[in-house]
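First comes the structure, then the notes that go with it.
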Protein chains: 2
Amino acid sequence: MENEQIKQAGLKVTAPRIKILGILERSGKRHMSAEDVYKELLSQDEEIGLATVYRVLTQFEGAGLVCRRHFESGQSVFELNNGEHHDHLVCIKCGAIVEFLDPTIETRQKRIAAEHHFKIEDHSLVVYGLCPNCQGTR
Amino acid sequence: MENEQIKQAGLKVTAPRIKILGILERSGKRHMSAEDVYKELLSQDEEIGLATVYRVLTQFEGAGLVCRRHFESGQSVFELNNGEHHDHLVCIKCGAIVEFLDPTIETRQKRIAAEHHFKIEDHSLVVYGLCPNCQGTR
DNA sequence: TGGAAAACTGAAAATCTTTCGCATCTTGTC
DNA sequence: GACAAGATGCGAAAGATTTTCAGTTTTCCA
């Protein structure tokens with residue numbers, strides 16, 4: 001359970017960390033902003049400050065438990081790291097997010113980086129558009 | 001020259017706009033943050049406020065003269081729009097930026113969006129890594 | 001198990017980037 | 001040249017995230 005993951009990340013096992021990890025695992029939403037997590041905590045009557053939410057999420061990121069994404073919305077969103085890298089399709093109207101993985105694109109990226117003699121550390125591909133539900137509505 | 005572009009964008013031709021567009025065209029840097037542009041203006045003893053820089057860049061963006069990018073640095077960077085869409089390779093150490101265009105990736109993106117019934121509006125692909133110069137140094 | 005060191009926490013204050021409000025000044029037009 | 005619409009500059013404000021600080025909790029080992 002959560003305690004193990006936190007311990008293995010080299011962090012002390014504290015109430016805020018357990019709660020936050022639990023929310024990420026069970027909230028039903030893959031992508032949450034710090035604010036979302038904070039609101040969820042409030043709705044569970046937890047006494048955890050927003051600063052702690054940011055601190056904990058940043059530590060989780062450093063430990064590889066979660067990934068931080070910076071879509072164009074001004075806020076960062078966090079998602080549990082399930083080991084597999086993937087890219088995103090984001091609806092610019094309702095904010096819906098679909099994850100996808102495309103080996104062809106990954107391969108091309110590697111080739112392009114190699115052509116420019118870059119050593120890849122990470123990458124981010126986000127396609128913005130209208131999801132099926134939002135195309136009719138205007 | 002600049003005046004024409006500004007006029008064609010449907011904006012009044014004013015000193016701040018001419019200066020800012022000139023800086024984007026002649027600063028030698030393809031990618032500049034609002035702050036970069038502002039500093040450049042200051043170094044030229046121009047009396048232009050930072051708020052105006054943001055306003056003008058936003059208008060230029062709306063007019064299609066420049067593109068705004070949101071790399072993971074917390075700041076937006078602006079680049080002159082040369083008509084052709086392209087993606088970026090960013091050095092996480094020195095900040096160097098290389099632009100590239102890969103038709104295969106573009107095609108795959110369209111296909112993926114179609115598979116998910118998304119209507120693409122825009123997309124952003126950024127590969128982060130170490131440029132040739134920064135790989136030796138640590 | 002006891003207790004100290006190290007790490008953690010909440011709340012408020014501080015930062016940073018970007019935008020807004022508004023009085024004042026310019027531009028484009030007649 | 002006079003006017004209305006549109007721009008500008010400045011300071012204040014906003015929104016997201018980080019830092020500070022003093023008090024609390026965990027961990028770890030005797």
Side-chain angles (χ1 to χ4, degrees), chain A residues 1-23 31-42 44-63 65-78 95, chain B residues 1-23 31-42 44-63 65-78 95:
Chain A
M1 68 169 307
E2 288 95 20
N3 303 27
E4 285 310 309
Q5 302 179 57
I6 294 171
K7 199 171 292 181
Q8 288 181 8
L11 300 170
K12 288 191 176 177
V13 178
T14 64
R17 290 177 182 161
I18 296 171
K19 284 287 171 192
I20 292 173
L21 188 50
I23 285 175
H31 303 82
M32 300 185 80
S33 65
E35 195 74 34
D36 291 337
V37 173
Y38 180 59
K39 289 209 192 97
E40 184 62 30
L41 285 166
L42 289 185
Q44 294 180 17
D45 287 316
E46 293 296 335
E47 302 267 311
I48 295 179
L50 183 54
T52 298
V53 174
Y54 274 105
R55 249 184 319 234
V56 170
L57 288 172
T58 302
Q59 291 159 339
F60 282 1
E61 182 191 13
L65 264 59
V66 305
C67 292
R68 181 194 295 244
R69 312 272 177 189
H70 285 303
F71 303 146
E72 310 265 320
S73 62
Q75 276 188 128
S76 295
V77 298
F78 299 82
Chain B
M1 67 170 305
E2 289 95 18
N3 303 28
E4 285 310 308
Q5 302 179 56
I6 295 171
K7 201 171 292 181
Q8 288 181 9
L11 300 170
K12 285 188 179 176
V13 178
T14 63
R17 290 177 181 159
I18 295 171
K19 286 286 172 194
I20 292 173
L21 188 50
I23 285 175
H31 303 81
M32 300 183 80
S33 66
E35 195 72 34
D36 291 336
V37 173
Y38 180 59
K39 289 209 193 96
E40 185 61 30
L41 285 167
L42 289 185
Q44 294 180 16
D45 287 315
E46 294 296 335
E47 302 267 311
I48 295 179
L50 182 55
T52 298
V53 174
Y54 274 104
R55 257 187 309 235
V56 170
L57 288 172
T58 302
Q59 291 160 338
F60 282 180
E61 183 192 14
L65 263 60
V66 304
C67 292
R68 183 192 295 241
R69 313 271 177 191
H70 289 292
F71 302 147
E72 310 267 317
S73 61
Q75 278 189 128
S76 295
V77 297
F78 298 82

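It should be emphasised that the depicted structure is a prediction, and the values quoted were computed from it without experimental measurement.
Both B:Ser76 and B:Lys7 lie close to DNA chain C; mapped to their nearest nucleotides by heavy-atom distance, the more 5′-ward contact belongs to B:Ser76. Nucleotides of DNA chain C nearest to B:Val13 and B:Gln75 differ in position, and the one nearer the 5' end is that of B:Gln75. Of the two residues near DNA chain D, B:Ile48 and B:Lys12, the one whose nearest nucleotide lies more 5' is B:Lys12.
One can place CZ of A:Phe60 at 13 Å from C1' of C:dC8, the figure rounded to the nearest angstrom. Counting to the nearest Å, the P atom of D:dC10 and the CD atom of B:Glu46 are 13 Å from each other. In this structure, A:Tyr38 places its OH atom 16 Å from P of D:dG15, rounding to the nearest Å. One atom, CG of A:Leu11, and another, P of C:dC8, lie 6 Å apart when rounded to the nearest Å. In this structure, CD1 of B:Ile18 is placed 13 Å from P of D:dA7, rounded to the nearest angstrom. In this structure, the CD atom of A:Gln59 is 12 Å from the P atom of D:dT19, given to the nearest Å. Here C:dT9 presents its P atom at 14 Å from NZ of A:Lys19, a figure rounded to the nearest Å. What separates CZ of A:Arg55 from P of D:dA16 is a distance of 19 Å, to the nearest Å.
Contacts of A:Thr14 with the nucleic acid, taken as non-hydrogen atoms under 4.0 Å apart, involve only primed sugar atoms and P, OP1 or OP2. Heavy atoms of A:Glu47 sit under 4.0 angstrom from primed sugar atoms or phosphate atoms, though from no base atom. Residue contacts for A:Arg17: at a heavy-atom cut-off of 4.0 Å it reaches the sugar-phosphate backbone alone, with no base atom in range.
Counting all heavy atoms, side chain and backbone alike, A:Leu21 lies closest to A:Leu65 at CD2-CD2, 4.2 Å. Contact record, B:Val37 with B:Ile23: O-CD1, 4.2 Å, taken as the closest heavy-atom pair.
Distances were taken from every side-chain heavy atom of A:Tyr54 (C-beta onward) to each of C:dT19, D:dT17, C:dG21; the shortest belongs to D:dT17.
Counting only heavy atoms from C-beta outward, the side chains of B:His31 and B:Asp36 never approach each other to under 4.5 Å.
Remark: the B:Arg55 side chain and the B:Thr52 side chain contain an N/O donor-acceptor pair separated by less than 3.5 Å.
Judged purely by atom type and a 3.5 angstrom limit, A:Arg17 uses its side chain to pair as donor or acceptor with the backbone of A:Lys12.
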